[in-house]
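Just so it is clear: chains get the letters A, B, ... in the order the sequence lines come, proteins before strands, and each one is counted from 1. Bear in mind the structure is a predicted one, so any value in this text is a computation, not a measurement.
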Amino acid sequence: MELTEIEEKWQREWIKQRVFEADPDGRKKFFITIPYPYLNGNLHAGHTRTFTIGDVIARFKRMKGFNVLFPMGFHVTGTPIIGLAELIAKKDPQTMEVYSRYHDVPLDILTTLTTPERIVEYFSKEAEEAMKAIGFSIDWRRKFTTTDDTYKKFIEWQFRRLKEKNLVVKGSHPVRYCPHDQNPVEDHDILVGDEATIVDYTVIKFKLDGVIFPCATLRPETVFGVTNIWLNPEGRYFLVNVDDEQWVVSVEAEEKLRFTDKNVEIIREVDSSEFFGKYVLNPVTGDKVPVLPATFVDGDSATGVVMSVPAHAPYDYVALKELEKNDEILVRYGIDRSIIESIKPIVLIEIEGFKIPAEDVVVREKIKSQIDHEKLERVTKLIYKKEFHKGVLNQTTGKYAGKKVSEVKDLLVSELMEKKIADVFYEFSVKPVICRCGTKCVVRVVKDQWFLNYSNPEWKQKVMKCLENMDIIPEAYRIEFENKIDWLKDKACARRKGLGTKLPWDPEWLIESLADSTIYMAYYVLASYINSGLIIADNLNDEFFDYVFYGLGDGKKTAEKSGISEDLLNLIREEFEYWYPVDLRSSGKDLVANHLLFFLFHHVALFPPEKWPKAIAVNGYVSLEGKKMSKSKGPLLTMKRAVKKYGADATRLYILSKASHLQDVDWRKKEVENIVNHLYRFIQLAEEMFTGSGPESTVDTWMMSRLNFRIKEVTLALEKLETRDAIHTAFYELMNDVRWYMKRGGKKLLKDILHIWVRLIAPFTPHIAEEVFSWFEEGLVSTASFPEWDESLISKEVEIQENYLISVMDDIREVVSLIKKEDIGGIWIYVAPEWKKKVVESSREWKDPREAMKAIFKDKFMREKGKEVSQLITEVYEGKVNMDFALLDEFTLLNRERKFLENEFKCKVIVERAESPKYDPQNRSKRASPGKPAIYVE
RNA sequence: GCGGGGGUUGCCGAGCUUGGUAAAGGCGCAGGGCUUAGGACCCUGUCUCGAAGGAGUCCGUGGGUUCAAAUCCCACCCCCCGCACCA
């Protein structure tokens with residue numbers, strides 16, 4: 001029978017018997033979810049991996065006796081689907097190519113996918129078919145898409161509740177923005193500089209006659225060491241009204257400020273030279289410092305006004321030195337030389353190995369000019385790094401003295417901001433940033449934006465608490481989660497464009513797509529009632545959700561108001577109570593810093609602790625023959641195509657067996673094909689085993705030991721979601737065990753082993769497992785019980801005996817290969833004499849070889865053996881003697897297996913005691929060591 | 001830069017938590033068996049040397065701890081991922 005036939009047959013059977021439709025009952029429940037896919041394309045190998053892990057666990061838990069709910073929905077919210085519809089509508093060549101070639105959309109259908117609705121309809125159908133074809137044990141009665149009216153009601157409820165808790169707040173935030181398109185730009189909109197991030201400079205407001213000189217800096221802590229400020233003598237500056245203040249900024253800065261949330265108005269252009277030699281007030285220290293010219297100042301970097309800290313900033317140090325020597329400039333701007341000469345670097349950060357850090361490195365690197373950017377950039381970075389991490393602030397900094405720079409920085413900025421003597425100026429980390437349309441992008445501050453208040457420390461605290469009680473798989477990721485929780489800032493949660501739910505209190509805004517996907521697992525409970533028509537959108541109001549999720553309110557009134565029966569309402573409430581919380585959420589590692597984090601945040605915000613998630617599992621990516629997959633550019637391998645080509649079981653098995661959890665899987669055609677062969681091998685072996693029977697044999701106990709050990713290994717691995725190890729054990733190692741058993745003449749247990757084995761592999765390759773299982777009994781393996789192991793049958797002793805035999809065979813084989821003889825007449829095996837065993841045995845009782853020898857040589861017989869004994873003792877202590885083997889009754893054992901050995905080597909085998917060999921032409925018996933008999937071959 | 005993960009034999013990957021015979025397993029390669037033939041399948045080998053089961057080398061680099069280090073500690077080099085308003 002072909003594999004595809006088997007697969008389709010059992011998939012039909014599962015649907016017919018509704019095996020995966022889960023409703024509450026008396027059993028313990030297990031609720032597992034996988035992030036629903038976003039429908040801007042077909043499911044691919046990456047989904048295949050994550051989803052298959054989920055399915056394997058779902059199937060395993062089901063067989064372990066849990067009532068398992070494994071549901072699936074579809075994500076539609078956001079802009080990419082709209083973008084795709086537009087691209088298809090205008091027949092964008094790359095899109096048409098990628099979607100027909102890699103997503104396998106037939107061209108005649110593709111050309112019709114010009115609206116988001118058609119795209120969603122097409123890909124949701126495709127996705128469901130793909131997931132059925134690969135045999136996922138999903139309860140399909142619960143599917144939905146995030147643009148369903150009923151789902152929108154659910155999201156509205158969620159956001160109203162969050163707002164009530166003050167977790168949705170108004171604010172402004174910086175985005176990359178194209179002035180020409182008048183739109184924020186995303187990564188793929190950017191022509192040049194897509195690696196640029198937005199960095200926030202601190203602006204410190206130095207004052208002169210009521211005019212502010214906003215000095216932009218990344219090192220606000222150095223404000224205590226300012227000796228002067230810089231303007232570029234060749235740069236253009238404006239005097240501008242900024243809100244209710246007057247600022248002097250570069251012309252470039254003025255332009256940028258207009259995109260912020262400040263009101264900006266040019267008063268007049270000013271010449272920087274009119275300020276040189278004048279004194280500005282440092283608002284932090286109260287010092288008055290001069291304004292001086294420096295050409296390194298970049299008008300296109302932040303405000304174009306810079307504070308000078310010659311003790312810690314190499315640029316400033318060099319510029320001052322240059323100025324001091326440049327009489328022409330001094331004269332030109334009427335700057336008194338004594339001003340420069342009186343400037344002394346003010347050290348405010350103490351760091352080992354430096355006195356005045358900037359001076360030290362400039363001298364050491366022999367930097368002569370402020371235009372030597374390459375060297376200056378390098379040493380600037382060097383000093384910054386050292387000072388930030390290891391530097392300690394000194395008494396110059398007043399109350400911050402004794403603290404580390406890294407500890408003080410944020411605190412200092414927020415204090416200065418509060419006193420309104422500092423501000424923020426956003427700037428790109430890399431320049432230029434150019435939009436696809438060719439326009440230079442700016443940082444724009446979007447005003448009156450709605451935010452999820454993730455920075456809220458109490459909220460974070462709660463998430464941390466939740467995390468503490470969760471299982472994180474792999475455990476190494478826990479620290480990553482902790483870091484990300486700490487790092488998470490407020491997140492804008494509303495958009496102008498896209499698909500989704502409108503913000504209920506401000507319908508101009510759409511709820512952003514990650515924000516609407518945080519607690520939707522709860523919605524799966526309702527979805528089956530919605531899909532069966534028992535509930536429609538009109539039934540869903542806040543009272544309904546409060547009642548179902550919180551048990552709040554009066555049942556009768558709520559039912560009345562919702563327009564559904566009280567019985568139904570209570571049924572849904574009970575079902576929610578039964579399934580929630582989520583026991584396991586399994587996902588790709590790309591979702592750690594966003595979705596999974598929000599998943600936790602929203603759960604702790606909206607649900608009591610007993611409804612918080614229990615576990616998160618994270619897995620790596622999938623690449624194709626070493627190349628990264630890309631939905632929009634290719635290459636891509638769809639789930640459907642993989643299944644069609646290699647079969648469901650092979651695809652499942654391959655993608656899980658290739659790498660452990662965090663590791664990325666590289667999909668290689670050749671290896672997948674080999675897995676297909678392996679499955680045929682398994683079926684062939686299974687057929688042999690099913691019909692196999694025979695008498696008891698000496699290897700039966702060994703086989704039982706192995707089998708039980710393997711069950712144990714597979715079970716423990718699956719409990720930890722280590723699917724790779726589980727597959728390895730269940731398929732390869734157990735198969736090797738069975739082969740060895742058969743080779744050794746084992747027959748009796750074959751059929752029984754198969755009956756157990758087939759259940760062991762059922763979570764991974766359910767179709768083949770069903771087929772083989774059906775040879776034995778009527779029911780389905782999907783609902784059969786997972787094998788339990790019997791610890792008492794796992795026998796170390798029996799396994800040692802078997803390993804001993806293998807080791808002896810290896811030795812014989814090696815000897816045979818070394819003598820390079822065509823025909824072997826016979827093999828003589830000499831088992832070590834009793835006295836040697838005694839030496840080995842008693843050696844173990846002593847701490848070191850000298851003591852052992854002393855003790856053993858008390859025996860006269862041993863003394864006579866002198867050198868041999870001491871040599872043996874040395875070998876024991878060098879670890880050359882296998883203690884497990886040494887204590888076996890080797891003679892009996894080898895004699896028992898003599899026939900087997902004769903068959904293996906196709907010659908006669910004689911086992912002798914080394915004390916009294918009947919035939920030993922080369923006197924090899926002397927070499928016999930406990931656990932390692934001497935061998936003679938002729 | 002910050003944070004996380006990683007560097008093992010031709011390749012992919014175990015082993016590292018808890019130091020104790022490095023090289024599980026797969027792919028590839030070689031030899032043999034089976035077969036009309038090919039594929040598949042089965043067996044054996046695959047760091048180096050070896051005409052007796054042995055010896056030597058070895059886990060990114062350099063140090064350290066230890067009787068003993070792939071494993072623990074320190075420093076350095078290299079690779080991958082995330083750094084957000086995008087699903």
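- A donor-acceptor pair under 3.5 Å is absent between the side-chain atoms of A:Thr50 and the main chain of A:His47, judged by distance alone.
- If you check B:A87, B:A52, B:C41 against the side chain of A:His75, the one that comes closest is B:A87.
- Taking atom C1' in both B:C47 and B:G38, one finds a spacing of 34 Å when rounded to whole Å.
- Remark: the separation of the P atoms in B:A30 and B:C78 is 38 Å, to the nearest Å.
- Distance from the side chain of A:Gln922 is smallest for B:A52 among the nucleotides B:C86, B:C43, B:A52.
- The side chain of A:Asn674 has B:C27 as its nearest neighbour among B:C27, B:C41, B:A87.
- Each of A:Pro933 and A:Asp666 was matched to the nucleotide of RNA chain B holding its nearest heavy atom; the match closer to the 5' end belongs to A:Asp666.
- Nearest to the side chain of A:Arg681, among B:G53, B:C86, B:C42, sits B:C42.
- Nearest nucleotide to the side chain of A:Arg668, out of B:A52, B:C12, B:C83: B:C12.
- For the C1' atom pair drawn from B:A70 and B:G15, the interatomic distance equals 8 Å after rounding to whole Å.
- Using a 4.0 Å heavy-atom cutoff across all strands shown, A:Lys589 reaches no nucleic acid atom at all.
- At the phosphate of B:A84, neither OP1 nor OP2 sits under 4.0 Å from any side-chain N or O atom of A:Asn594.
- Classification of A:Arg724 and A:Glu722 as a salt-bridged pair fails, no side-chain N sitting under 4.0 Å from a carboxylate O.
- Checked against B:C86, B:A52, B:U44, the side chain of A:Lys743 finds its nearest nucleotide in B:U44.
- Here A:Arg706 does not pair with A:Glu802 in a salt bridge; the nearest charged N to carboxylate O distance is not below 4.0 Å.
- When each of B:G3, B:G25, B:A84 is scored by its nearest atom to the side-chain atoms of A:His728, the top-ranked nucleotide is B:G25.
- When the C1' atom is compared between B:C11 and B:C81, the two are found 23 Å apart, to the nearest whole Å.
- Using a cutoff of 4.0 Å between basic side-chain nitrogens and carboxylate oxygens, A:Lys628 and A:Asp664 are not scored as salt-bridged.
- Rounded to the nearest Å, the gap between the C1' atom of B:A55 and that of B:G63 is 29 Å.
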